[in-house]
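Report on the following structure.
Each ligand, and each atom within it, is numbered from 1 in the order the structure gives.
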Amino acid sequence: MHKLSTPITKMLNIDVPIIGAPMFLVSNEDMVVAISEAGGIGTFPSLNYRPTEDFLRALKSIKQRTSKPIGVNIIVNKSNLRQAEDLKHSLNCGVELYITSLGNPKDVIREAHKNGAKVFCDVINIEQAKKVQDLGADAVVAVCSGAGGHAGPTTPMVLIPWLKEQLSIPVIAAGGIANGATMASAFCLGASAVHVGTRFIASSECQVTTNYKQAIINSSPEKIIFTDKVTGTPCNFIHTKDLDNHKSLPKFINRLKKNKTLKPFISPLLKIMGKKAFINSLTTQKNIWSAGQTVGLIHDIKPCKDIIEEMVTSYHEALHKSPR
Ligand SMILES: Cc1cc2nc3c(=O)[nH]c(=O)nc-3n(C[C@H](O)[C@H](O)[C@H](O)COP(=O)(O)O)c2cc1C
């Protein structure tokens, strides 16, 4: 496979600018190893392994199976009581990349940089992007509308060039990328790498249920519902009966969040409740599945290596296509 050089591949010392995006309760050891071995970079949320001893065991195992760079996603809001411990384990194991989401990444940036590691921060708007740039982030992950998981409100067609214009650090595109053509468009818009989640759910290494994988293949962008009813924060899900029947978090809690005095206490509580509800829905055999609008572009289940190779090959083909 041809290498594809960008500021991000140089920064991370990888062959192709494809990040296997961290996915709560989905990313696993096999996916991280396969994506990194294929020339991209595999990442996973530290909270996918509970308790923290299991996370450390997974990290050590991944590091034994690949010498290529890997990444860990750390949720940096107050609801994550394992932040400091997970960061310490990751630093000790020599993790090369940290992806932060949902909070203030200051501590992660400081400690990671002491270790020579890089930090990319999830952002959904210019305010967040400038804040993390000022804190020393190495790149921003522009989480656009249509992304799997907690997505932003802005189309990639605008968010990527808008952030690129306003920032001095690289922009990584998240949301809407599942093949070479979509990757090529992200690069045309100014992205230096792509952050791919949903496509990798339909991979052989992913250990979610067959029904979840099949739902990704059978679904269409029209069936992706953007709702805060499962986690308390707007998130994309595949439309199913179980999603319709799912009870939202109590409305009065959301109302309390608007109160300035109570907000610092209510927000972490909401996040803990949201996470619990999400775990429950995914572990009780309910058909509640997060995925992005790229479901419409995904037609098969195959190894992560093949997904990456196909993306790179079709990226080159896409570049040579004239408008039709
Ligand atoms: C099932 C699922 C779980 C996710 N969990 C996380 C997470 O724990 N942390 C995070 O930063 N992003 C999470 N994301 C977002 C992804 O990292 C990535 O930004 C997104 O999947 C990109 O959009 P795409 O799905 O269209 O490729 C999740 C996405 C999915 C589909």
Side-chain angles (χ1 to χ4, degrees), residues 18-28 31-32 35 40-50 55 71-77 79-80 82-83 86 97-103 105 108 119-124 128 132 139-152 155-156 159-160 171-179 182-183 185-186 191 193-203 206-209 212-213 215-216 219 221 224-226 230-231 233-238 271 274-275 278-279 281-283 288-298 307 311:
I18 300 176
I19 300 168
M23 291 182 281
F24 188 49
L25 302 180
V26 171
S27 316
N28 62 32
M31 291 165 77
V32 174
I35 294 169
I41 182 164
T43 74
F44 69 109
S46 63
L47 295 175
N48 274 10
Y49 292 91
R50 290 175 301 262
F55 167 61
V72 165
N73 170 227
I74 299 194
I75 307 281
V76 284
N77 66 27
S79 75
N80 181 8
R82 278 177 38 184
Q83 259 180 79
D86 289 353
L97 170 66
Y98 295 86
I99 297 175
T100 67
S101 41
L102 299 176
V108 176
V119 184
F120 299 167
C121 304
D122 279 3
V123 300
I124 58 167
Q128 293 179 355
V132 299
V140 291
V141 179
V143 185
C144 304
S145 61
H150 293 132
T155 166
L159 188 62
I160 300 165
V171 176
I172 294 161
I177 297 128
N179 55 29
T182 44
M183 178 161 95
S185 2
V194 291
H195 197 67
V196 181
T198 302
R199 180 61 188 100
F200 287 114
I201 302 178
S203 70
C206 185
Q207 283 153 16
V208 297
T209 60
Y212 189 174
K213 289 189 188 182
I216 300 251
S219 206
I224 299 300
I225 309 288
F226 194 46
V230 181
T231 71
T233 308
C235 188
N236 274 315
F237 290 93
I238 299 176
K271 294 207 164 95
K275 197 160 69 202
F278 194 36
I279 294 176
S281 59
L282 288 182
T283 50
I288 293 189
W289 300 307
S290 178
Q293 293 173 350
T294 57
V295 288
L297 309 176
I298 301 170
I307 294 175
M311 272 180 86

Please name the pair of heavy atoms, one in [X] and one in [Y], separated by the smallest distance, quoted to 0.1 Å.
X	Y	result
P105	V132	CG-CG1, 3.8 Å
G146	A151	N-CB, 4.3 Å
L97	T43	CD2-CG2, 4.3 Å
S290	I201	O-CD1, 3.9 Å

Heteroatom distance test ([X], ligand 1): nitrogen or oxygen, under 3.5 angstrom:
X	answer
F24	yes
S101	yes
A21	no
G197	yes
T198	yes
G148	yes
D122	yes

| Does ligand 1 have any atom that is closer than 4.0 Å to a heavy atom of V196? | yes

| field | Side-chain donor or acceptor of S219 paired with backbone N/O of I216 under 3.5 Å | value | no

Considering the heavy atoms of [X], write down every atom of ligand 1 situated less than 4.0 Å from one of them.
X	value
P45	8 (O)
G176	26 (O)
N73	7 (C), 8 (O), 9 (N), 10 (C), 11 (O)
Y212	1 (C)

Under 3.5 Å, which donor-acceptor pairs link side chains of residues 18-27 to any protein atom two or more places apart or in another chain?
residue : atom : partner : partner atom : Å
S27     : OG   : M23     : N            : 2.7
S27     : OG   : M23     : O            : 3.3

| field | Separation between OH of Y49 and CG of N28, rounded to the nearest 0.5 Å | value | 5.0 Å

| query | If you round to the nearest 0.5 Å, how far is CZ of F55 from CZ of R82? | reply | 7.0 Å

| Using heavy atoms and a threshold below 4.0 Å, how should the contact between H150 and ligand 1 be classified: side chain, backbone, both, or neither? | neither

| query | Which is it for N236 and ligand 1 at heavy atoms under 4.0 Å: side chain, backbone, both or neither? | reply | neither

| field | Side chain proximity check, H150 to D122, heavy atoms < 4.5 angstrom | value | no

